[in-house]
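Notes to accompany the following structure.
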Amino acid sequence: MTPTAPGTLDRLRESLTGDAGPAERIRPLFDHPVFAPRDCPSVEDYHHLNHERLRVLNDRLGGGRAALRSPERLFAVLGHAAVIDPSLFLRAMVHYEVCLNAALLLGDGNAELDRAVDRLDTLSTIGNVLITEVGRGGSHVSVRTRAEYDPSLPGFRITTPTPDDAKFMAPVGPDLTAHTGVVYARLHTAEGDHGVFPFLVDLHDGKEPAPGVEVTRLPHSTVSPLPHSLVSFHSAPVPLGRWLRDTAEISPQGSFEEPPTQSGDRLVRSLTVSSAASAAGATALAAVTRATAGLVHRYSRYRVTTSAISENTPVIDYKIQQESVYGALAEAYATTFLVHRALHRRAHGSTDAAPGGRTTWAPWTAVSRELSLAKVEATASAERVCAESRRRCGAHGTLTVNRIPVYEALSHIYNSAGGDNRLILLDTGRELVSTTDHSPPEAVPPGGRDAADARMWSYLFGEHERTLHARARSTLGDTIGTAGSLERWNEHLWLLLDLASAHARRLAFDAFAESLEELRGTEAHATLAPLFGLWALNGITDRAAEHLASGSLTPEEYTAMRDLRRSLLEEFDAEVLVDALDIPFEQIRAPLASPDYVRLLGTAGA
């Protein structure tokens, strides 16, 4: 490869994040001994380490309020935290983006609430979210936990009606730490049920549960190694000031009031902070995808192999290894471009909620279709990259000290965390078909139908979405805009999933293509173009059966694209592409990322 032109790395970094040097400002926050990888002798020791890491990070951020005043910086910090310790990310994301964020956005700033926020700000108490109920699916749209208005307090008494309605998975622990939670419950007054609202509730003071609160620790999970619990409420008293009331009021006489325009989408408004949670989750998943791509690349360079046809050959010299390693790099860039575009649009107030805020299976799409879909796509990408990279690193890839398994675990968690991905796809598919504000792009193949023409790739991504959209409209007919029945919808759910997935892939293609186009005329463009080609051709050939069946691709064109995809492997400047990802290898300390990995592996547990 020829030497890299000055500025190429900065241009690539800026294209990924909108800023050439965010890592230089974020990385020092984690230069502290508490963030160093270590083995913990017990699960409880690990929980305490996780809390200590959050405490140090909160101090370095200047407290929770200060962190939330710079949303873009906080997302970058959370992404970096996910690379250092995914469990730290999960704790911090809920504490800042959900619990504290909800208190500030939906609360009215009264003195009672301000005191609670002060404790969250200084991490005197850890923030949690309690919405999912253990005994049934779809509990987000059918919350049964009750908050009964009690004028004698004045305030509310929160009750769990049955054991099936206990709140599920909140990590209320470790011991000796106080916990507060945003609890979602149906508000009842003497006038009736007024919908689901969040309440900021003290759960535990570090010694014992708060009055009326019952906490039951769940069995330990190696996938999500936090102290997850079941939480039940037995007429737990909550002051009136802890009601995150948004636009609603309760008069001294106990009369509930809320503007009709707000009450109609009460659940969606109560869950407004879920858009920040989706954004943070997508950011973290993109970050661990980048880290995994960098780790597998370094290992493939340093790992030598011997066979009957070659001796002491770096495994990266094998094209089948290149296909996996460069494919991981391509996924990392594509996911980062997609997430960055969604975050940029969020910062400028242009991310799209589903029209009308309708929820069918879950509320997340109604809050923000773009951000929830970015989370879904980032999850799928992270799972693919982590699984393939783990396999390509052999037994080394299975060791947690080499980080890939813990990143893969985070991707597994995010199939459900921040909203179930399958339900998000179902709601997205229905909205894409039922609304008039969405039409797939016109799909016209370029003249010549050259397999190497990016316009041909664009046509195939768009044509796949357009075909599924037309089929769904034709098949579902009048059912689209109605609740319908399970019998009616059940036969067509696959079609909604396929449509939403095709839409997400097309958005990812557009984000990659736009980012590449912005670099036109620079060496950064020449460096990135083969990666874009590999990613696009992987996406097309992965769905060759659909394209061949619909006639959008001929067998000869498929063969040409498959051969082109393999020829692109010879055009990569992988060193530059990995360097541009700004992976904090020195903080991750994964032995397999070093040429001295044998010695480091032997001392990693010391």
Side-chain angles (χ1 to χ4, degrees), residues 98-117 119-120 125 127-133 139-167 170 179-205 209-215 231-274 359 363:
V98 181
C99 187
L100 184 55
N101 205 9
L104 294 172
L105 285 177
L106 298 174
D108 61 5
N110 64 79
E112 170 68 37
L113 185 60
D114 276 349
R115 287 191 292 271
V117 168
R119 299 187 70 233
L120 289 166
T125 183
N128 297 269
V129 59
L130 295 86
I131 180 168
T132 305
E133 295 172 352
S139 62
H140 299 86
V141 294
S142 59
V143 173
R144 293 181 183 172
T145 302
R146 296 171 64 94
E148 303 274 358
Y149 177 65
D150 183 349
S152 68
L153 288 175
F156 305 87
R157 294 193 179 275
I158 296 186
T159 299
T160 302
T162 74
D164 284 357
D165 306 319
K167 297 296 187 182
H179 284 261
T180 299
V182 171
V183 178
Y184 284 84
R186 304 198 72 86
L187 192 158
H188 288 259
T189 69
E191 299 169 335
D193 181 343
H194 304 288
V196 175
F197 281 88
F199 299 81
L200 193 63
V201 181
D202 291 331
L203 304 173
H204 204 287
D205 65 5
V213 178
E214 178 184 354
V215 178
V231 181
S232 299
F233 301 93
H234 308 285
S235 197
V238 179
L240 183 63
R242 298 288 197 95
W243 173 33
L244 305 183
R245 63 186 184 87
D246 191 20
T247 58
E249 296 182 29
I250 294 178
S251 72
Q253 294 75 35
S255 177
F256 178 89
E257 297 177 3
E258 184 172 26
T261 55
Q262 312 297 340
S263 61
D265 57 356
R266 169 44 44 213
L267 179 62
V268 171
R269 291 186 63 85
S270 292
L271 287 169
T272 186
V273 293
S274 74
T359 62

Item to complete: Would you mind reporting whether Ile131 and Leu271 have side-chain heavy atoms less than 4.5 Å apart?
Response: yes
Pairwise distance [atom1]([X]) to [atom2]([Y]) - rounded to 0.5 angstrom:
X	Y	atom1	atom2	answer
Ser270	Asp265	OG	CG	9.0 Å
Leu105	Leu244	CG	CG	10.0 Å
Arg245	Ile250	CZ	CD1	9.5 Å
Leu104	Asp114	CG	CG	8.5 Å
Asp108	Glu249	CG	CD	9.0 Å
Lys167	Phe233	NZ	CZ	7.5 Å

Worksheet, complete the sentence: Which of Val117, Val129, Val273, Leu120 passes side-chain contact (heavy atoms from CB on, under 4.5 Å) with Cys99? It is Leu120
Fill in: Identified ring pair (Phe, Tyr, Trp, His ring centres under 6.0 Å) counterpart of Tyr149 within the set Phe256, Phe156, Phe197
Phe156
For [X] and [Y], which heavy atoms make the closest approach, and how far apart are they?
X	Y	result
Gly241	Asn110	O-ND2, 3.0 Å
Ala102	Val182	CB-CG2, 4.2 Å
His140	Leu267	O-CD2, 3.5 Å
Ile158	Val201	CD1-CG2, 3.8 Å

Worksheet entry | Under the salt bridge (Lys or Arg N to Asp or Glu O under 4.0 Å) test, residues paired with Arg115 that sit two or more places apart | Glu112
Worksheet item: With Asp150, which residues qualify under salt bridge (Lys or Arg N to Asp or Glu O under 4.0 Å), at least two apart?
Response: Arg157
Worksheet item: Can you check side-chain contact (heavy atoms from CB on, under 4.5 Å) on His204 and Val213, steps first, answer last?
Response: CA-CA 8 Å; His204 204 287; Val213 178; over 6 Å; no
Item to complete: Could you verify whether a donor N or O on one side chain and an acceptor N or O on the other, from His234 and Thr160, lie under 3.5 Å apart?
Response: no
Worksheet item: Does any donor atom in the side chain of Thr145 or Glu133 lie under 3.5 Å from an acceptor atom in the other side chain?
Response: yes
Practice prompt. Check for a donor-acceptor pair, side chain of Thr125 on one end and backbone N or O of Thr180 on the other, with a separation under 3.5 Å.
Written response: yes
Practice prompt. Evaluate the ring planes of Phe199 and Trp243, with Trp represented by its six-membered ring, and classify them as parallel (under 30°), tilted (30 to 60°) or perpendicular (over 60°).
Written response: parallel
Worksheet entry | Lys/Arg-Asp/Glu bridge criterion (N-O < 4.0 Å) met for Arg266, Asp246 | yes
Item to complete: Check the pair Asp202 / Arg242 against side-chain contact (heavy atoms from CB on, under 4.5 Å), numbers first and verdict last.
Response: CA-CA 10 Å; Asp202 291 331; Arg242 298 288 197 95; 3.1 Å; yes
Worksheet item: Going through the distances and angles, do Leu130 and Leu203 end up as a side-chain contact (heavy atoms from CB on, under 4.5 Å)?
Response: CA-CA 11 Å; Leu130 295 86; Leu203 304 173; 3.8 Å; yes
Discussion item. What verdict does the side-chain contact (heavy atoms from CB on, under 4.5 Å) test give for Ser255 and Glu191, after you've listed the backbone C-alpha separation in whole Å, the side-chain angles of each residue and the deciding distance to 0.1 Å?
Written reply: CA-CA 7 Å; Ser255 177; Glu191 299 169 335; 3.2 Å; yes
